[in-house]
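Indexing begins at 1, ligand by ligand and atom by atom, following the structure's order. We number each residue from 1, following the sequence as shown.
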Amino acid sequence: MDTKVDEMSRIPEEEEPKPGPIDHARIERAVREILIAVGEDPDREGLRDTPKRVARMYAEVFAGMYDDPERYVQTFFSEQYDELIVLRDIPFYSFCEHHLLPFEGKAHVAYLPNGRVVGLSKLARVVDAFARRPQVQERLTMQIADLLTKSLQAKGVAVVMEAKHACMTCRGVKKPNSVMITSAVRGICRSDARTRAEVMSLLHNQH
Ligand code: ZN
């Protein structure tokens, strides 16, 4: 396990995605237009800096557009551990691409390694990098599972995500407590009934 400790302690706080080429000026113009379109006066005091603030917010919440999630799992360490590795309750924030409203919740990630193991923080980084884009929860869940399957050559991967969507709570059907649950299961976690049952009970278990 020495390798694990070394690898983890050597990670600096390097990994915040750098601000990408998000066009702040263009967002500011668009937000000003929206304010006018809904009948507001974009020059009144409370709204004067809103386009700027919204542009900065989008640059932050969509930073995943210019981040490559694969970079977080390129550094793995070799470990002959062939039991499930599970990370539950990874908080995530994303934006639904249909309404540009946030959805947020928890991701649960499990994989059955094939000699390649990554630090747990890396799994959270992968979730973040995919979440910080205009998304739908179904695709987000699959992208995480597919990346881990490919990059770690894991024998099996399972990802379960549960989230509340603002577009369900503040508009449309207004169902504030509904939680959407999606899952993506790959490899032996999908094909082997016993492994699948084990991983699903670990990921769905309420603590
Ligand atoms: Zn939506």
Side-chain angles (χ1 to χ4, degrees), residues 16-42 46-47 49-70 72 87-110 123-150 157-186 190 200 203-206:
E16 278 310 311
K18 294 173 194 70
I22 288 202
D23 189 338
H24 286 240
R26 195 162 192 170
I27 297 173
E28 287 172 32
R29 289 197 297 275
V31 171
R32 190 180 161 84
E33 280 301 308
I34 291 171
L35 289 171
I36 295 168
V38 300
E40 263 295 357
D41 169 12
L47 291 177
D49 293 325
T50 296
K52 263 194 174 50
R53 278 192 293 262
V54 174
R56 278 199 300 269
M57 174 196 70
Y58 278 140
E60 184 181 338
V61 299
F62 294 147
M65 293 291 297
Y66 300 98
D67 194 10
D68 175 13
E70 197 154 7
Y72 299 117
L87 185 60
R88 284 179 44 91
D89 297 330
I90 308 165
F92 74 90
Y93 305 88
S94 190
F95 265 69
C96 114
E97 67 185 22
H98 299 139
H99 302 95
L100 291 186
L101 284 171
F103 64 97
E104 61 175 289
K106 289 171 178 172
H108 315 295
V109 176
L123 297 177
R125 294 287 189 182
V126 168
V127 170
D128 261 357
F130 280 124
R132 290 169 158 198
R133 302 172 183 195
Q135 272 289 8
V136 295
Q137 189 180 325
E138 297 89 331
R139 186 175 68 230
L140 174 58
T141 310
M142 290 192 293
Q143 284 175 328
I144 297 164
D146 288 336
L147 182 89
L148 296 178
T149 305
K150 185 176 133 234
V157 171
V159 178
V160 172
M161 304 188 89
E162 43 187 283
K164 290 186 177 178
H165 290 242
C167 61
M168 287 282 289
T169 58
C170 72
R171 57 155 295 286
V173 289
K174 299 196 177 69
K175 296 288 181 248
N177 291 317
S178 48
V179 176
M180 179 165 165
I181 300 179
T182 47
S183 65
V185 190
R186 302 287 183 264
R190 185 188 187 97
M200 280 306 163
L203 293 188
H204 280 296
N205 210 0
Q206 295 304 313

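Ring orientation note: the planes of Phe103 and His165 are close to parallel, at an angle under 30° on the 30°/60° scale.
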When you look at His99 and Met168, which way does the side chain to side chain contact (heavy atoms under 4.5 Å, CB included) test go after all the steps? CA-CA 10 Å; His99 302 95; Met168 287 282 289; over 6 Å; no
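Of all N/O/S atoms in His99, ND1 sits nearest the Zn ion (ligand 1).
Remark: the backbone N or O of Pro69 is not paired with any side-chain donor or acceptor of Arg125 at under 3.5 angstrom.
Counting heavy atoms of neighbouring residues, nucleotides and ligands inside a 6.0 Å radius, atom CD of Glu60 does not exceed 12 of them.
Between the Zn ion (ligand 1) and His165 there is no N/O/S contact shorter than 2.8 Å. Contact annotation: Cys96 places an N, O or S atom under 2.8 Å from the Zn ion (ligand 1).
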